[in-house]
Amino acid sequence: MSSQRAKVYFGSVKQGNRAKFASFAAKVDEIVKKLDLSTIQKKDKVAIKMHLGYEDNYQTIPVFFVRRVVEAVKKTGAFPFITDNPTSVYNAVNRGYTSETCGCPLIPFDGVKDKYLYKVNIDFKGVEFLEMGGVLHDSDALIDLSHAKGHNTCGYGGAIKNLAIGAFSAQSRWNKYHTIWQSIPYWNPDKCTPEHAKKLVESCPEHLITYKNDEHRLNVEFDMCNQCMKCIEVDKGAGCLEIKQEHFSAFQEMMAIGTSKVLENIPKEKRFFINFAIEIIPYCDCWPFAQPCIVNDIGVLGSRDIVAIEKATLDLIAKEGLNESMIPLYFRPNLDRKVNLHPFQRIHGPMKNPYIVVDYAEKLGLGTKDYELVEVLSPASTVSMKAPTHVTEIEPTFF
Ligand code: SF4
């Protein structure tokens, strides 16, 4: 039984020895070594899919670590390149990512105009197809290099979201994924008068409900909804509005499908997943500003199984818990410890359970939730090791 468990390697930010060999960088190197990149062939084109950030957000994976991953890929004789959407690639320099600093080219996954795309059929809740970035589609191997953080639509963004949303055109992201809840009825116009609609609009403390009087049309922005249910209280008696689990689960189910479409182009032995659970912010890296870290830094995880690494990352975040003093005032978190919720559910609402996508991904055969966490260079194992004598640099050595 235990031999079937997926290995997830973990390096903690906690340190047991005042030495380079026990440092976080050493743990990143050790995890890359354990992932065994030797299944990548010489001359393979290796996509390193990242989220390169946006505008005034600096909280992406430090280029210091990206370069180490790139150098490890180069040692196989393959050709790595970093890829993301055109806007993020174009502005990556603002976060220190250039071909010189990273050690490999940065290439938009779908061309400079979001036009080099492959249609992939999904047939999900009225959505017939998504448009996948052609560069990712053409790659021989994939390193899914992700920053673990919260996400307003699905609770959490990590390895799955980096491919599910991050590998598709802007049209697919915004007009298909982010509107999928519209395929599930939530408002009955025949039961609602304009006066009642106005009350519903006023009931939402987040200002997410809008009503067009001339069209008699009510809209709920489910992406930002924290399921406080104040609108449903006001709707009692009329019964024209619904806020259901299905409205939120649909996005996560679609993410699992999108991820499966990306992975089906990459041979299993050439898929690698690395999650950096540091700078754990409440929203995605595509928000245009830096955010307070609501969970303390945890570490880095690596696996060949996307389901296992996501489950392990979420479990470690749950174990660490929220750093409540850092929660921004624009959230209305549920901090009641009697209610069993993941930290990201406390922030984004109980129906944005971040494990939902993990369940769907496992059902699609993308991996297993049954994992074994293998800690590398743990503080306990390095604390009694002999640290090298510190040598002071008297004159520049350039090393
Ligand atoms: S459940 Fe969502 S839409 Fe309704 S009042 Fe609360 S935040 Fe607004």
Side-chain angles (χ1 to χ4, degrees), residues 125 149-157 161 165 173-255 281-284 286-289 291-292 294 322 324 326-357:
K125 295 192 185 297
K149 68 269 168 175
H151 194 284
N152 59 286
T153 311
C154 49
Y156 162 70
K161 195 218 67 88
I165 312 291
R173 295 197 299 276
W174 296 109
N175 296 340
K176 295 189 175 184
Y177 271 109
H178 281 282
T179 56
I180 194 63
W181 47 267
Q182 284 176 347
S183 64
I184 303 153
Y186 60 90
W187 178 64
N188 186 335
D190 299 333
K191 286 186 175 179
C192 189
T193 62
E195 293 71 35
H196 184 63
K198 199 166 165 252
K199 281 187 199 157
L200 294 175
V201 170
E202 287 166 359
S203 72
C204 179
E206 309 295 335
H207 311 291
L208 303 176
I209 304 178
T210 50
Y211 175 68
K212 283 195 175 158
N213 206 0
D214 49 343
E215 295 173 29
H216 187 47
R217 192 152 64 88
L218 184 130
N219 185 63
V220 177
E221 197 190 326
F222 282 88
D223 265 358
M224 296 300 290
C225 171
N226 61 16
Q227 312 105 64
C228 70
M229 297 300 176
K230 292 216 160 56
C231 55
I232 298 300
E233 280 167 33
V234 167
D235 191 48
K236 256 184 206 146
C240 65
L241 187 65
E242 285 186 296
I243 305 280
K244 292 191 295 189
Q245 180 64 58
E246 204 184 342
H247 292 122
F248 304 98
S249 300
F251 184 87
Q252 298 206 43
E253 186 172 3
M254 196 169 171
M255 284 210 302
I281 49 180
Y283 288 142
C284 183
C286 62
W287 283 69
F289 49 83
Q291 304 156 53
I294 53 166
L322 285 171
E324 292 178 14
M326 295 302 282
I327 299 171
L329 295 179
Y330 41 79
F331 286 107
R332 293 174 173 81
N334 181 345
L335 301 177
D336 182 354
R337 290 210 171 76
K338 292 194 285 299
V339 187
N340 184 24
L341 295 171
H342 189 275
F344 290 142
Q345 285 174 291
R346 294 195 186 283
I347 294 288
H348 296 297
M351 294 184 192
K352 292 182 177 173
N353 179 346
Y355 289 107
I356 291 173
V357 70

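In each ligand, atom 1 is the first atom listed, and ligand 1 is the first ligand listed. Since the structure is predicted, the reported quantities are computational estimates derived from the model, not experimental observations.
A distance-only check finds no donor-acceptor pair linking the side chain of Arg217 to the backbone of Pro189 [under 3.5 Å]. A donor-acceptor pair under 3.5 Å links the side-chain atoms of His247 to the main chain of Pro185, judged by distance alone.
For Ser249 and Gln245, the side-chain atoms include at least one donor-acceptor pair closer than 3.5 Å.
One finds the CD1 atom of Ile347 at 15.0 Å from the NE2 atom of His151 (value rounded to the nearest 0.5 Å).
Ring pair Trp287/Tyr283 is parallel by interplanar angle, where below 30° counts as parallel and above 60° as perpendicular. Using the six-membered ring where Trp is involved, Tyr186 and Phe222 have ring planes that are perpendicular, over 60° apart on the 30 and 60° scheme.
Residues meeting the salt bridge (charged side-chain N to carboxylate O under 4.0 Å, His left out) test with Lys125, sequence neighbours left out: Glu246.
Counting only protein atoms, the N, O or S atoms lying less than 2.8 Å from atom 8 (Fe) of ligand 1 are Cys204 SG, ordered by chain and residue number.
Near Gln227, with a cut-off below 4.0 Å to any heavy atom, the atoms of ligand 1 are 1 (S). Ligand-side atoms of ligand 1 in range of Met229: 1 (S), 6 (Fe), range being under 4.0 angstrom from any heavy atom.
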